[in-house]
Structure formats: C-alpha cells, structure tokens
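One is the number of the first residue; the rest follow in order along the sequence. Only heavy atoms go into these numbers, but all of them, side chains included; no hydrogens, no water, no symmetry mates. None of these values were measured; they are calculated from a predicted model.
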Amino acid sequence: MINNKKALCLASMASNLDNFNRNNVKILQSLGYEVTLAANFNTIEDTNSQEKIKSFIEEMMRENVIIQQIDFTRHISNIKGLIKSYKQVKTLIDKKYELIHCHSPICAAITRLCAKKYQKKGMCKVIYTAHGFHFYNGAPIKNWLIYYPIEKLLSNYTDVIITINKEDYDRAKKKFKSKKTIYIPGIGVNTKKFAKKLLSENDITSFRQEKRRALNIENNSFVITSVGELNQNKNHSVIIKALKKCNDTQIHYIIVGQGILFSELNELIKNLGLSQQVHLLGYRSDVNDIYRLSDVCVFPSIREGLGLAAVEGMASSLPLIVSDNRGTRDFLNKDNAITCKYNDVDAFANAILVLKENRKLCEEMGNKNQLLSKKFDISVVECKMRELYCDLLN
C-alpha cells in the first residue's frame with residue numbers, strides 16, 4: 001500500500017512509545033500512513049536503558065518509521081524545558097499531519113496546544129490516550145487544582161480521548177469536551193506469552209528450580225514478585241516492610257524494574273536485614289519467566305491507570321495481592337485477589353502469609369486470573385484501535 005497520509009505519534013519518553021505504540025504503528029502503516037515517532041530519546045529520565053532505546057530506534061527505522069527527537073521533560077516545574085519542547089513540537093506539527101496520537105500528560109498538553117489551529121480547522125485529527133489521569137477519587141487536592149482544569153480545557157482541542165479504566169472514562173465522558181471519548185482496556189497484553197507452558201509437571205518443576213537457583217532462591221521458598229519502575233508511586237517499600245513483619249526467611253520478594261529509588265530501596269532492605277530475601281533485579285527481558293518461578297504477583301501502587309504488570313501476572317495464572325485504586329478495580333473481584341490499602345503494611349503482611357499457608361487458594365485464584373486476563377489481551381486492543389483509526393481515516 002502506498003503511503004499517502006502522515007501520522008504522528010508522540011510521548012514524553014522513548015519507553016512510552018516502545019511500550020504503547022508498537023502495534024499502533026503497524027496498524028497505521030497498514031492503513032496507508034507514513035508514521036513519525038517523536039519523543040525524548042536522549043534522557044536519563046527514561047526507564048529503558050540507552051541500549052534498549054537504541055535497539056527500538058533501529059527496529060522502527062528498519063520498518064520505515066521516521067524518528068524525531070523532542071526534548072520533553074517529565075517535570076511540570078521545568079519551565080525552560082517545557083518552552084523548548086513546545087517550540088520543537090510546533091515546528092514538527094507545522095509539517096502537516098492528518099492524524100496525531102499523543103501520550104503522557106505533559107507531552108499531550110504541549111501537542112494539543114501546538115495542533116489546535118489545525119484541529120479546529122479540521123485539517124488533522126488528534127487522539128489522546130490518557131494512561132490514568134492524575135486526578136481521581138481520593139487524589140491530592142493539588143492534582144485537581146493543576147491537572148483537572150488543564151485537561152478539561154485541552155479536551156476542546158481533542159477529537160478522541162482514549163481512557164484505560166472505567167473511572168477515567170466516566171469522568172471524561174461527563175465533564176470533558178472532546179468530540180469522542182472511548183474506553184479501551186489498556187495497551188494489551190500478549191496473554192499467550194505469559195500463559196503456563198504446555199509442559200509436564202516434572203518439566204515445570206525443573207524449570208522453576210533452575211530459574212530459582214540462578215537467583216539464589218531455594219526451591220521450597222515462597223516467592224512474591226512485583227514488576228514496575230522504582231518510584232514512589234509503585235510503592236515497593238510497603239512490601240519490603242511487610243516482608244519484615246512476616247518474619248519468615250522462606251519468603252522471597254523479587255522486584256523487576258529500574259528507577260530513581262534503587263539506592264533508597266537497597267538501603268531499606270539492608271537496614272531491615274532482608275538482603276538475602278529481597279532481590280532487586282533491575283530491567284529484565286524475561287519477565288514471563290520471572291512470573292513462572294513465582295507464587296504470587298504483588299502490585300502495591302498508590303495509583304494506576306490500569307496496571308499492566310498485574311494483568312501480566314494474571315495471565316501467568318498467579319494470585320494477586322494489590323492495593324485498592326481506580327486502575328486495579330477494573331480487573332478485581334472477590335475471588336481473584338486480596339486487596340489492601342496502599343499504606344497498610346500489616347494488611348500486606350497478612351495477605352502474604354494467608355497465601356503462603358494456602359497453596360490451594362493460590363491455585364484457585366491463579367486459574368481465575370488466567371481466564372479474566374483474556375479480556376485485556378492484545379488482540380482485543382488491536383481490534384478497537386484499528387476500528388478507531390479507520391473511523392478517523394474515513
């Protein structure tokens with residue numbers, strides 16, 4: 001198909017495009033769009049390593065995707081950075097794109113301001129995927145004072161707002177002025193990748209033993225795992241403190257991810273005497289295998305748009321221990337998870353011990369989660385995104 005239309009996808013960081021836009025690029029290209037990806041590909045703020053970012057860029061360029069550097073910042077207080085990125089985005093958008101799809105709050109705000117004159121004239125369609133608004137039921141008042149009025153204003157310059165949880169959808173549908181608001185269940189999870197391998201019981205046991213041995217974890221240990229950036233919101237520290245409360249050396253906690261709190265979490269682990277039980281693995285490309293050696297997926301975030309890592313844990317047939325927030329509520333029911341208040345160390349400790357002492361309950365919850373995860377499968381999301389793009393193209 002000959003490309004005769006141009007599409008622009010933007011996000012603050014390269015990892016956002018890597019995680020959120022791979023399938024969107026394929027869909028847009030199949031519909032005849034020349035695709036440009038714009039983000040900050042050269043920042044230490046990114047959760048992906050420079051090696052992984054370089055690999056992503058090279059892969060996209062092999063697929064004839066245009067790469068554009070924008071010096072986005074993740075910090076709203078960085079006025080100089082905001083002004084610089086605004087000028088860069090304005091220059092880019094002046095090249096005329098029929099479709100613009102933006103992610104990340106700051107990036108999306110800048111993009112819609114730069115694109116509004118074209119959007120208002122009907123010269124381009126603007127889509128904003130909100131991966132969890134900063135304002136939500138129970139959010140700090142400052143979030144409502146800063147982010148809510150900005151998002152409400154910018155919705156006037158948005159053709160479609162995509163929300164990934166029901167609370168955000170209801171609010172945007174009722175309060176915002178975008179031409180269309182839709183709900184899509186996240187960015188999609190390849191549930192087949194995380195599903196249990198079709199192996200014999202002996203092979204599964206051997207696999208778990210091998211993977212655990214590589215991490216210096218004894219085979220009879222009870223392993224809980226969290227996947228997510230090491231930041232305040234992901235709230236790993238509450239589980240580390242809960243592990244201390246459990247007072248059980250057979251329980252191990254794996255944390256997959258990197259971020260600014262690595263040193264702080266490492267210090268906490270040492271101070272609590274848990275260096276032999278808590279494993280900070282950093283970035284891993286084998287998350288599916290990490291889940292397979294685990295007994296429980298723990299997801300203690302303070303807030304979430306949805307919670308991709310938890311859905312991956314569900315697809316891996318693991319029971320969940322999660323904090324109660326507007327994102328996790330979209331996949332929780334009374335039978336598939338134990339829910340705790342995000343700052344309740346005792347509740348998390350009790351939940352860990354309950355599942356450790358009841359392996360049958362773990363299995364029952366895990367089997368239910370594997371079935372529930374299918375509604376978040378990548379095929380479901382791809383179908384909805386293709387339908388959306390086709391509607392806008394026509």
Side-chain angles (χ1 to χ4, degrees), residues 8-13 16-17 19-21 24 38-40 45 70 72-79 81-83 85-86 89-90 93 99-120 124-187 231-233 301-308 325-330 384-385 388 392:
L8 173 64
C9 297
L10 309 94
S12 293
M13 303 293 129
N16 300 143
L17 293 177
N19 295 333
F20 304 155
N21 265 280
N24 292 343
N40 194 336
E45 294 180 343
I70 302 291
F72 285 120
T73 175
R74 296 175 75 177
H75 304 289
I76 197 169
S77 59
N78 184 354
I79 303 302
L82 294 175
I83 293 173
S85 56
Y86 174 88
V89 172
K90 187 176 185 303
I93 287 179
L99 189 147
I100 298 173
H101 190 168
C102 53
H103 306 258
S104 323
I106 292 175
C107 163
I110 290 171
T111 298
R112 287 179 287 174
L113 285 173
C114 293
K116 67 177 183 178
K117 69 176 181 180
Y118 299 117
Q119 191 266 346
K120 284 294 185 182
C124 75
K125 303 291 186 180
V126 177
I127 304 171
Y128 169 39
T129 296
H131 297 272
F133 291 128
H134 284 284
F135 45 91
Y136 50 90
N137 295 338
I141 188 65
K142 68 177 183 179
N143 289 28
W144 284 95
L145 293 174
I146 296 172
Y147 294 103
Y148 179 76
I150 292 174
E151 290 287 5
K152 187 169 185 177
L153 172 65
L154 293 176
S155 68
N156 289 286
Y157 315 127
T158 313
D159 290 280
V160 181
I161 292 179
I162 299 173
T163 58
I164 64 172
N165 63 68
K166 298 296 180 58
E167 182 183 318
D168 283 352
Y169 171 77
D170 290 340
R171 181 166 289 116
K173 185 76 172 176
K174 294 175 182 177
K175 301 294 185 180
F176 291 174
K177 304 298 182 182
S178 57
K179 294 181 180 178
K180 189 174 184 179
T181 301
I182 64 174
Y183 163 76
I184 292 179
I187 61 173
N231 60 31
Q232 293 289 348
N233 180 60
S301 298
I302 297 171
R303 64 173 179 83
E304 281 294 339
L306 178 64
L308 176 66
N325 61 59
R326 53 83 195 265
T328 59
R329 290 178 199 130
D330 276 19
K384 291 181 179 294
M385 287 305 304
L388 171 61
L392 291 176

Do [X] and [Y] come within less than 4.5 Å of each other through their side chains, counting heavy atoms only?
| X | Y | answer |
| --- | --- | --- |
| L388 | I127 | yes |
| L308 | N19 | no |
| I302 | N325 | no |
| T181 | V160 | no |

Do the side-chain N and O atoms of [X] and [Y] include a donor-acceptor pair separated by under 3.5 angstrom?
| X | Y | value |
| --- | --- | --- |
| H101 | T129 | yes |
| T158 | S155 | no |
| N16 | S104 | yes |

Hey, could you give me the [atom1]/[atom2] distance between [X] and [Y], rounded to the nearest 0.5 Å?
| X | Y | atom1 | atom2 | answer |
| --- | --- | --- | --- | --- |
| S12 | I70 | OG | CD1 | 11.0 Å |
| C107 | R112 | SG | CZ | 9.5 Å |
| L8 | I93 | CG | CD1 | 6.0 Å |
| S178 | E151 | OG | CD | 10.5 Å |
| K166 | R326 | NZ | CZ | 14.0 Å |
| K173 | Y169 | NZ | OH | 4.0 Å |

Does [X] reach the main-chain N or O of [Y] with its side chain, forming a donor-acceptor pair under 3.5 Å?
| X | Y | result |
| --- | --- | --- |
| E167 | N137 | yes |
| D168 | A130 | no |
| N40 | F72 | yes |
| K120 | N156 | yes |
| N233 | R303 | yes |
| N21 | N24 | no |
| T111 | L10 | no |

Smallest separation among heavy atoms of [X] and [Y], with atom names:
| X | Y | answer |
| --- | --- | --- |
| A38 | L17 | O-CD1, 3.6 Å |
| G132 | N165 | CA-ND2, 4.4 Å |
| L82 | S85 | O-OG, 3.1 Å |
| T163 | A172 | CG2-CB, 4.3 Å |
| F133 | Y136 | O-CD2, 3.7 Å |

Can you say whether the rings of F135 and F176 are parallel (under 30°), tilted (30 to 60°) or perpendicular (over 60°)? perpendicular
Give the intermediate values and the outcome of side-chain contact (heavy atoms from CB on, under 4.5 Å) for residues I184 and I182. CA-CA 7 Å; I184 292 179; I182 64 174; 3.8 Å; yes
List the steps, then state whether side-chain contact (heavy atoms from CB on, under 4.5 Å) holds for R74 with M13. CA-CA 8 Å; R74 296 175 75 177; M13 303 293 129; 3.2 Å; yes
Salt bridge flag under 4.0 Å for residues E304 and R329: no
Does K179 pair with D159 as a salt bridge, N-O distance under 4.0 Å? yes
Please assess F20 against H131 for the test side-chain contact (heavy atoms from CB on, under 4.5 Å), listing each intermediate value before the final yes or no. CA-CA 10 Å; F20 304 155; H131 297 272; 3.4 Å; yes
Flag the pair Y157 / Y118 as yes when their ring centroid distance falls below 6.0 Å, and as no otherwise. no
So with a 6.0 Å cut-off around NZ of K90, is the heavy-atom count from everything else above 12? no
